[in-house]
Amino acid sequence: MRERLSVATKLLVKAGLALFVANEVRGFVLAAPVLYAMYEAGGTAMAIWLGFCSLAGIALTVVGPIFVARKLKLV
């Protein structure tokens, strides 16, 4: 019984992480307007910095859960 719970828990955690990462794919879609806004702003230093910060935040929300899942050996 305990083994079944362990397997079920592991599967639920894997499914949750997969859904979380799949949900963050929208981050890649959100990156396009950031790049377009930088282009429209003429590539000023402020636009480039804001674009970098936005894209870095998107990257962290996508890469972070994958890194944690690998550390926990769930993926």
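Bear in mind the structure is a predicted one, so any value in this text is a computation, not a measurement.
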Colleague: Which residues, ordered by chain and number, are linked to Leu12 in its hydrophobic cluster, where ILVMFWY side chains connect at heavy-atom gaps below 4.5 Å, directly or through other members?
Modeller: none
Colleague: Out of curiosity, Leu50 CG to Leu55 CG, how far, rounded to the nearest 0.5 Å?
Modeller: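 One gets 11.0 Å once the value is rounded to the nearest 0.5 Å.
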Colleague: Taking transitive links into account, so neighbours of neighbours count too, which hydrophobic residues share a cluster with Ile48 at under 4.5 Å side-chain distance?
Modeller: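 Listed partners: none, Ile48 stands alone.
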Colleague: Would you list the pairs meeting side-chain hydrogen bond (donor to acceptor under 3.5 Å, both in side chains) in which at least one residue belongs to residues 40-51, sequence neighbours left out?
Modeller: Tyr36-Glu40
